[in-house]
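First comes the structure, then the notes that go with it.
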Amino acid sequence: MHNKNKENTNFIESIIKKIVIEGKSIERIQTRFPPEPNGYLHIGHAKAICMDFGIVKKYGGICNLRFDDTNPVKENIEYINSILKDIIWLGFNWGKIYYTSDYFQKLWNFAIQLIQAGKAYVDEQSSKEIAEQKGTPNQSGINSPYRDRPIIENLDLFNKMNQGEITEGTMVLRAKIDMSSPNMHLRDPIIYRIIDHHLHHRTGNKWKVYPMYDFAHGQSDYFEGVTHSICTLEFAVHRPLYDWFIDQLKIFHPENKDYRPSQYEFNRLNLTYTVMSKRKLAQLIRDNIVNGWDDPRMPTLAGLRRRGYTPESIRNFIDKIGYTKFEALIDISLLEYSIREDLNTKAKRVFVVIDPIKLILINYPKEKIEMMEITNNPGNDLEGTHKIAFSRELYIEKEDFMENASKNFYRLTIGKEVRLKNAYIVKCIGVKKNKSGILKEIYAEYYPQTKSGLKESNRKIKGTLHWVSIKHSIPAEVRLYDYLFTVKNPSEEKNFYEKINPNSLTIKTTARIEKELENASPLENFQFQRLGYFNVDPDSTKNKLIFNKTVSLKESKKNKFKFKQIKNNK
RNA sequence: UGUCCCAUGGUGUAAUGGUAGCACAUCUGAUUUUGAUUCAGCCAGUCUAGGUUCAAAUCCUAGUGGGACAACCA
């Protein structure tokens, strides 16, 4: 409490710590990360990954990866590959890779045992009838007319279900538990359903029946020897069922007397201005709101990677938000802080003008070229410098000039001096406009003795601008991103589609970049000075360079003033 | 007409009966050849009411508020 370096310990870690430190009953820790391969991993999964893998990294043990592939209708190999890639990218290693489908035979056998023990039965009612009999949370259910079907008949029907003799949707296997339980999940849950005419990505057409989540998850944990089955809060209500199946399993496996997996639940990640459910994300893709799972606006790991987020920044972010049982909504600014914090130390500083306007230095020799030196990272001299060409005709940002500026405007305006970063101090002496009054060129004088490095350059100048030489700069496309939604919590909207931000993507084809960027490699991070952090899009080619804006530089309130002014100008 | 879970500054998260701390955000100042960074600082909190105790954010009871559960999804 008084130690500044003390790290925060979440409640799940406390449980583990107790085991490790006190040497309690189990000395072995085994966790698992169990994604369903029905979509790409998002930053909410990163939270689970950091928990599952992180806990064994820290306290010793094994974390395996298990693909929870019990529903061939939604799952495929593309998703499996993306999941493998994203976990590695995040910086974690699994012990073994398992598939729930590896246990289909074992689960089948277990189901048979349950039937034989009179604890499971085949129900041939419609899903609607079954739902009606289930009652409501406030009202207890009633027994199915098939509940007391003879064991022999159950065995026979269950076999037929798996042999393609029964039409999909007409029969299910249910566990016989308690139709009046206050916990809905204990009201004779369906444990097997028929899925026909869908090839499973691993078992093909071998099975016609597939176990439901509740009948697969805990059992898989048990088969693998998982000790701590950590998941999100919405599964807390499943825990009694999880334990019930483990109890049954232990009856048939008396040899594992001292072993029992336990489920622990933490709060899932909610982020402002986005949605986190795979279903909703898939919907955005389907309706072309975004361009796929790796669209830089998506909260997926693939999207964040393409946007320019680093694995370190995501891990640090997860570290900051913690794990509790409180349904929290995390402000996206914390994520943005995390990537700025990381990139500030890593990203090379370069000059890029996104919205160019010509700046002509009328007293600078026409053919003269000077190579100016730019510090790659002002926070770290070891990263050195690079050179950029300077000449008479330059581009600066349109935003950096204003004809009628208030005194809060530090940048260029007629009659005022400004510093061209790493070059000269210049004074604006006039502009040229076309017939419609649109600004075409800005004219300035430079002071030769104010070149960076010279004594005279130490003069205090309030404004400093970035620039590129027209002749020496290269055109590029820059993609600017905004939040996907216009409200903080789109998930709580009746129709979250109404809150989609129509301006979440702005493509700028006018950008001019310094030559240093010509050979940048895909995903490489940069700071475009005064603009923000950007990275190279994977689609970028030598002939068409494309950059993504990761995040702006921090905007103080003073800085925000400039945006107001610009809006008013339009 | 239920069962379970949760409640600490604006946001998130620590404090495991003994000094309510940290981060982000906001704001103020200093530094600055990025209106960035860095540095210094300000603002601001235990849902309510009882109870137990020398001592309660922490334990108990009730209330209030929020969430989860009624897929042949996971």
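Because the structure is a prediction, the values reported are computed rather than measured. Labels below follow one simple rule: chain letters A, B, ... track the order of the sequence lines, proteins then strands, and each chain is numbered from 1.
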Between the base of [N] and the side chain of [X], is there a donor and acceptor pair under 3.5 angstrom?
X      : N     : result
A/T324 : B/U13 : no
A/S333 : B/U11 : no
A/H238 : B/A74 : yes

Legend entry - Interface residues of residues 335-351 of chain A with RNA chain B (non-hydrogen, below 4.0 angstrom): A/Y337, A/N344, A/R349
Sugar-phosphate, base or nothing in reach of [X], heavy atoms under 4.0 Å:
X      : value
A/N458 : nothing
A/E492 : nothing
A/L334 : sugar-phosphate
A/K460 : sugar-phosphate
A/Q529 : base

Inset, instruction - Using the six-membered ring wherever Trp is involved, compare the ring planes of A/Y98 and A/Y103 and label them parallel, tilted or perpendicular (cut-offs 30° and 60°). - result: tilted
Legend entry - Side-chain ion pair, A/K348 and A/E383, N-O less than 4.0 Å: no
Inset, instruction - Let me know the distance between CG of A/D214 and C1' of B/A70, rounded to the nearest Å. - result: 14 Å
Legend entry - Below 4.0 Å: OP1/OP2 of B/G35 and any side-chain N or O of A/R530: yes
Inset, instruction - Report yes if a side-chain nitrogen or oxygen of A/R268 is closer than 4.0 Å to either non-bridging phosphate oxygen (OP1 or OP2) of B/A74; otherwise report no. - result: no
Inset, instruction - List for me each residue that meets side-chain hydrogen bond (donor to acceptor under 3.5 Å, both in side chains) alongside A/S126, sequence neighbours excluded, and say none if there are none. - result: A/E129
Legend entry - Closest nucleotide among B/A70, B/A74, B/U16 to the A/P137 side chain: B/A70
Legend entry - Shortest side-chain distance from A/R419, nucleotide among B/U33, B/A23, B/C69: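 Shortest atom-to-atom distance from the side chain points to B/U33.
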Legend entry - Base-paired stems in RNA chain B, each at least three Watson-Crick or G-U pairs under 3.5 Å: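 Detected stem regions: B:2-7 with B:64-69, B:10-13 with B:21-24, B:27-30 with B:38-41, B:47-51 with B:59-63.
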Legend entry - Ring centres under 6.0 angstrom apart (A/Y309, A/F317): no
Legend entry - A/M276 versus A/H42, closest heavy-atom pair with distance: O-NE2, 2.8 Å
